[in-house]
Asks: 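Before I ask anything, here is the structure I am working with.
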Amino acid sequence: MSLRLHNTLSRRLEPFEPLDPDRVGVYACGPTIYGHAHIGNFRTFVFYDLVHRTLEWLGYGVHFVMNLTDVDDKTIAAAAREGLNLERYTAPFAESIMEEADALGIRRFDLYPRATAYIDRMIELVQTLLDRGLAYRTDDGSVYFDISAFPDYGALSGKDLEQGRQGERVAADEYEKDDARDFALWKASKAGDEDVGAAWDAPWGRGRPGWHLECSAMSLAEVGETLDLHLGGEDLIFPHHEDEIAQSEGATGRPFVRTWLHVRHLRVEGEKMSKSLGNVVTVRELMEEGISPAAIRHQLLSAHYRSELNFTREGLEASARAITRLVDFADRLASSAAEGPGGDDLREAVERARIRFREAMLDDLNVQEAMASLFIFMREANPLVQHSGSAARADAIAFLESTNEVLGLLALGRESRVVDPELEAWVEARVRERDEARAARDWERADALRDELEARGVRLEDGPSGTRWTWSGAGIAAG
RNA sequence: GGCGCCGUGGCCAAGUGGUAAGGCAGAGGACUGCAAAUCCUCCAUCGUCGGUUCGAUUCCGACCGGCGCCUCCA
């Protein structure tokens with residue numbers, strides 16, 4: 001069984017067959033770095049991460065590129081407002097996004113090209129399109145793509161060309177586009193552009209690239225003429241990706257993308273997230289509140305990527321507890337020293353879970369089903385841990401680590417538990433004190449110590465081999 | 001108006017033409033000095049109304065409700 005993915009272009013599940021399994025070319029539309037990324041952006045990035053991890057987990061060699069858009073209307077306007085040039089204005093946001101991505105366990109991609117570093121390639125691309133008669137210049141020095149010269153336009157989004165046709169050529173107005181749907185490849189310089197350093201010389205005049213052009217140029221330069229996968233948020237299907245197809249295929253004459261994957265937007269507490277509703281949530285804020293990155297990641301993975309996801313506080317708590325259970329289980333496996341005869345049962349449970357987990361991931365990245373297999377496994381395995389041998393437990397641990405390669409939740413959950421050594425030493429001392437009290441059957445003293453520890457967020461477990469302690473998973477805080 | 005998506009237990013969320021995974025929460029029980037953790041049991045007939053079918057939550061239709069895109073929002 002091989003990986004099947006839902007291709008936006010065909011609107012169906014297709015077997016994934018990369019051109020070169022040793023170098024799967026992936027291009028993901030990254031953020032425009034004009035402000036702090038919000039939780040919706042990160043749903044998308046976590047999805048990119050999931051694709052990246054899954055491909056590698058399946059043994060493919062992957063070349064994964066995510067761009068950063070640093071020149072467009074929004075970055076220019078914001079930079080102008082701050083009186084900074086583009087570079088100075090955007091750099092901190094790129095940094096902050098990378099920090100948050102790291103915190104959420106998003107593994108680094110191979111390359112993060114910025115649009116402004118590819119202006120030459122963009123100019124070449126525009127020239128090619130002009131030479132091929134697919135684009136035209138206007139008197140102000142702008143260049144537009146001529147939709148009427150690209151018959152396939154609309155295939156990705158399912159738009160009916162004629163339906164949306166909004167205006168015939170207005171011959172009298174030479175500054176206007178020929179057709180309302182033609183889009184800018186190159187925008188002639190305006191005064192504000194120059195101020196922030198967003199203007200470059202081109203054969204047809206000084207200006208700056210159109211937004212859609214950036215992705216075509218960067219993917220062409222860094223991945224190739226034909227991408228195995230192109231990823232993005234659902235809002236980009238039209239017109240952004242439609243325009244990318246037109247430009248790229250117009251210029252190269254080759255298929256641009258084999259498989260398109262689009263992530264659905266999320267909602268916050270049941271509502272669309274928007275500035276006007278004032279419900280824009282950023283990862284930075286959540287983390288400042290002490291919410292564990294593992295819980296955030298878990299929630300961002302809690303719905304299939306093609307379904308709407310409702311991001312809620314209540315959901316974060318549920319996620320935090322689920323993570324606690326996972327990490328506890330892994331701890332228990334690792335710390336057990338039992339050498340019982342129950343290893344075969346554990347091995348069988350591992351095998352069932354492995355198969356189910358893999359099948360789920362192969363089925364269009366069905367993370368929910370995959371996680372279900374993981375939790376079913378934990379339920380089956382928990383009673384077996386104390387009756388198994390170390391070899392069987394090692395097998396179980398290997399399975400958990402393998403799921404972590406894909407989901408990234410176990411490692412992140414463990415990270416959330418790291419605390420400062422001093423506090424840890426204090427806890428250890430209290431636990432020992434309590435053990436002594438318990439040995440002396442001084443329950444009052446033991447319970448008082450437990451209460452004190454619990455107040456600090458420490459959870460105790462008295463087991464046959466002594467007392468384990470962990471940071472409480474009751475709250476959503478990292479501890 | 002055009003194109004498209006969704007409506008599954010208290011919350012979140014998979015899934016299937018033959019009476020519905022998983023997480024969180026809840027109830028009862030086992031274990032425990034008491035707890036915690038863990039395990040066991042219980043808790044839904046899948047928006048409404050029709051149709052197809054031996055049988056539909058799953059296919060078709062209508063309706064109700066929610067949502068997305070239609071030029072730059074992941």
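We name chains A, B, ... by the order of the sequence lines, and we start the count at 1 in each one.
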Asks: Distance check, P atoms only: B/U45 and B/C11, in whole angstrom units.
Replies: 14 Å
Asks: More than 12 foreign heavy atoms under 6.0 Å from CZ of A/Arg456: is that the case here?
Replies: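 Atom CZ in A/Arg456 is not crowded, with 12 or fewer foreign heavy atoms closer than 6.0 Å.
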Asks: What is the distance, rounded to the nearest whole Å, between atom CD of A/Glu359 and atom C1' of B/A14?
Replies: 16 Å
Asks: In whole Å, what separates the P atom of B/C69 from that of B/U38?
Replies: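 It comes out at 41 Å once rounded to the nearest Å.
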Asks: Could you tell me whether A/Lys187 contacts a base, only the sugar-phosphate backbone, or nothing, with contacts defined as non-hydrogen atoms closer than 4.0 Å?
Replies: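 The answer is base, as A/Lys187 lies within the cut-off (heavy atoms under 4.0 Å) of a base atom.
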Asks: Between A/His36 and A/Thr282, is there a side-chain donor-acceptor contact under 3.5 Å, judged purely by atom types and distance?
Replies: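 Absent: no donor and acceptor within the cut-off.
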Asks: Between A/Lys159 and B/G2, is there a side-chain N or O to OP1/OP2 distance below 4.0 Å?
Replies: no
Asks: Starting at atom CZ of A/Phe311, determine the distance to atom P of B/A74, rounded to an integer number of angstrom.
Replies: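 These atoms are roughly 17 Å apart.
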Asks: On a whole-Å scale, what distance lies between the P atoms belonging to B/C64 and B/C49?
Replies: 15 Å
Asks: Between B/C12 atom C1' and A/Met371 atom CE, what is the distance in whole Å?
Replies: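 Checked: the CE to C1' distance equals 11 Å.
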Asks: Any strand counts, and the cut-off is 3.5 Å on both contacts for Watson-Crick or G-U wobble. Which nucleotide pairs with B/G68?
Replies: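 Base-paired to B/C3.
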Asks: Tell me: CG of A/Leu236 to C1' of B/C69, nearest whole Å?
Replies: 11 Å
Asks: Once you apply a heavy-atom cut-off of 4.0 Å, does A/His212 come out as touching a base, just sugar-phosphate, or nothing?
Replies: nothing
Asks: State which of B/C67, B/A74, B/C24 makes the closest approach to the side chain of A/Arg321.
Replies: B/C24
Asks: Within the 4.0 Å limit for protein heavy atoms, which parts of nucleotides 29-40 of chain B are touched? Write it as a string from 5' to 3', B for base, S for sugar-phosphate only, - for none.
Replies: ----BBBBSSSS
Asks: Provide the distance between the two P atoms, one in B/A35 and one in B/C59, to the nearest whole Å.
Replies: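 After rounding to an integer number of Å, I get 49 Å for this pair.
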Asks: Rounded to whole angstrom units, what separation is found between the NE2 atom of A/His241 and the P atom of B/G4?
Replies: 21 Å
Asks: Given atom CD of A/Glu314 and atom C1' of B/G10, what is their separation to the nearest angstrom?
Replies: 8 Å
Asks: Between A/Leu309 and A/Arg306, which has a closest nucleotide on RNA chain B that is more 5'?
Replies: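 In this pair, the answer is A/Arg306.
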Asks: Pairing check on B/C59: which nucleotide meets the Watson-Crick or G-U wobble criteria with it, both distances under 3.5 Å?
Replies: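 Base-paired to B/G51.
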Asks: Paired with B/A30: which nucleotide, if any, by Watson-Crick or G-U wobble criteria at under 3.5 Å for both distances?
Replies: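 Partner of B/A30: B/U38.
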Asks: When all nucleic acid strands are considered with a 4.0 Å heavy-atom cut-off, which category describes A/His265: base, sugar-phosphate, or nothing?
Replies: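 Base contact.
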Asks: Please determine, for B/G9, whether a Watson-Crick or G-U wobble partner exists with both distances under 3.5 Å, and give it or none.
Replies: none
Asks: Under a 3.5 Å cut-off for both contacts, is B/C43 paired Watson-Crick or G-U wobble with anything, and if yes, with which nucleotide?
Replies: none
Asks: Taking OP1 and OP2 of B/C24, is either one under 4.0 Å from a side-chain nitrogen or oxygen of A/Thr324?
Replies: no
Asks: Relative to each other, are the rings of A/Phe109 and A/Tyr112 parallel, tilted or perpendicular (30° and 60° limits)?
Replies: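 Correct class here is tilted.
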Asks: Base, sugar-phosphate alone, or nothing: which one does A/Phe238 contact when heavy atoms must sit under 4.0 Å apart?
Replies: sugar-phosphate
Asks: How far does the P atom of B/C34 sit from the matching atom of B/G9, given to the nearest Å?
Replies: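 Per the computed distance, 39 Å lies between those P atoms.
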Asks: Classify A/Asn310 by what it touches in the nucleic acid, base, sugar-phosphate, or nothing, heavy-atom distance under 4.0 Å.
Replies: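 Here A/Asn310 touches the backbone only, sparing every base.
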Asks: Nearest nucleotide by nearest heavy atom, which residue falls closer to the 5' end of RNA chain B, A/Tyr34 or A/Glu234?
Replies: A/Glu234
Asks: Is there a salt bridge (Lys or Arg N to Asp or Glu O under 4.0 Å) between A/Glu452 and A/Arg430? Walk through the geometry before answering.
Replies: CA-CA 9 Å; A/Glu452 187 182 353; A/Arg430 295 271 118 168; 3.1 Å; yes
Asks: Nearest of B/G22, B/A74, B/G15 to any side-chain atom of A/Asn366?
Replies: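 Of the options given, the side chain of A/Asn366 lies nearest B/G15.
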Asks: A/Phe256 and A/His230: ring-ring contact (aromatic ring centres under 6.0 Å, His included), yes or no, with the steps?
Replies: CA-CA 9 Å; A/Phe256 176 42; A/His230 190 138; 5.7 Å; yes
Asks: Rounded to whole angstroms, how far apart are CG on A/Asp72 and C1' on B/C72?
Replies: 8 Å
Asks: Begin with the C-alpha distance, continue with both residues' side-chain angles, and end with the deciding distance and a verdict on side chain to side chain donor-acceptor pair (under 3.5 Å) for A/Asp462 and A/Thr467.
Replies: CA-CA 4 Å; A/Asp462 298 328; A/Thr467 301; 3.0 Å; yes
Asks: I'd like to know if A/Glu433 pairs up with A/Arg438 as an ion pair, taking the criterion as any Lys NZ or Arg NE/NH1/NH2 lying under 4.0 Å from an Asp or Glu carboxylate oxygen.
Replies: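 No, A/Glu433 and A/Arg438 are not salt-bridged.
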Asks: Tell me what A/Leu266 touches on the nucleic acid: a base, only sugar-phosphate, or nothing, going by heavy atoms under 4.0 Å.
Replies: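 Counting heavy atoms under 4.0 Å across all strands, the contact made by A/Leu266 includes a base.
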Asks: Pick the P atom in B/U57 and in B/A20, then give their distance to the nearest Å.
Replies: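 These two P atoms come out 11 Å apart once rounded.
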Asks: Mind checking who B/A25 pairs with, Watson-Crick or G-U wobble, both distances under 3.5 Å?
Replies: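 WC or wobble partner does not exist here.
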Asks: Counting Watson-Crick and G-U wobble pairs only, both distances under 3.5 Å, name the nucleotide matched with B/U16, or none.
Replies: none
Asks: Could you please name the option among B/A21, B/A13, B/A74 that lies closest to any side-chain atom of A/Arg356?
Replies: B/A21
Asks: Hey, can you tell me if A/Phe45 and A/Tyr48 have their rings parallel, tilted or perpendicular (30° and 60° cut-offs)?
Replies: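 Ring orientation, 0 to 90° scale: tilted.
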Asks: Check every strand shown and say whether A/Ser319 touches a base, only sugar-phosphate, or nothing at a heavy-atom separation below 4.0 Å.
Replies: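 Counting heavy atoms under 4.0 Å across all strands, no contact is made by A/Ser319.
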Asks: Using the side-chain heavy atoms of A/Asn41, tell me which of these nucleotides is nearest: B/A14, B/U71, B/A74.
Replies: B/A74
Asks: Using the C1' atom in both, what is the distance from B/U58 to B/A14, to the nearest Å?
Replies: 14 Å
Asks: Report the relative orientation of the aromatic rings in A/His212 and A/Phe183; use parallel for angles under 30°, tilted for 30 to 60°, perpendicular for over 60°.
Replies: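 Perpendicular, since the angle between the ring planes exceeds 60°.
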Asks: Would you classify A/Gly40 as touching base, sugar-phosphate or nothing, given that sugar-phosphate means primed atoms plus P, OP1 and OP2, and contacts are heavy atoms under 4.0 Å?
Replies: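 Base contact.
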Asks: To the nearest Å, how far apart are A/Gln368 CD and B/G15 P?
Replies: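 Computing the A/Gln368:CD to B/G15:P distance gives 8 Å.
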Asks: If the P atom of B/G23 is compared with that of B/U41, how far apart are they to the nearest Å?
Replies: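 Roughly 13 Å separates the two P atoms.
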Asks: Of the listed nucleotides (B/U71, B/A74, B/G23), which one gets closest to any side-chain atom of A/Pro239?
Replies: B/U71
Asks: Would you find a donor on one side and an acceptor on the other, under 3.5 Å apart, between the side chain of A/Thr90 and the backbone of A/Leu86?
Replies: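 Yes.
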Asks: Could you label the plane-to-plane angle of the A/Phe150 and A/Phe145 rings as parallel, tilted or perpendicular, counting under 30° as parallel and over 60° as perpendicular?
Replies: perpendicular
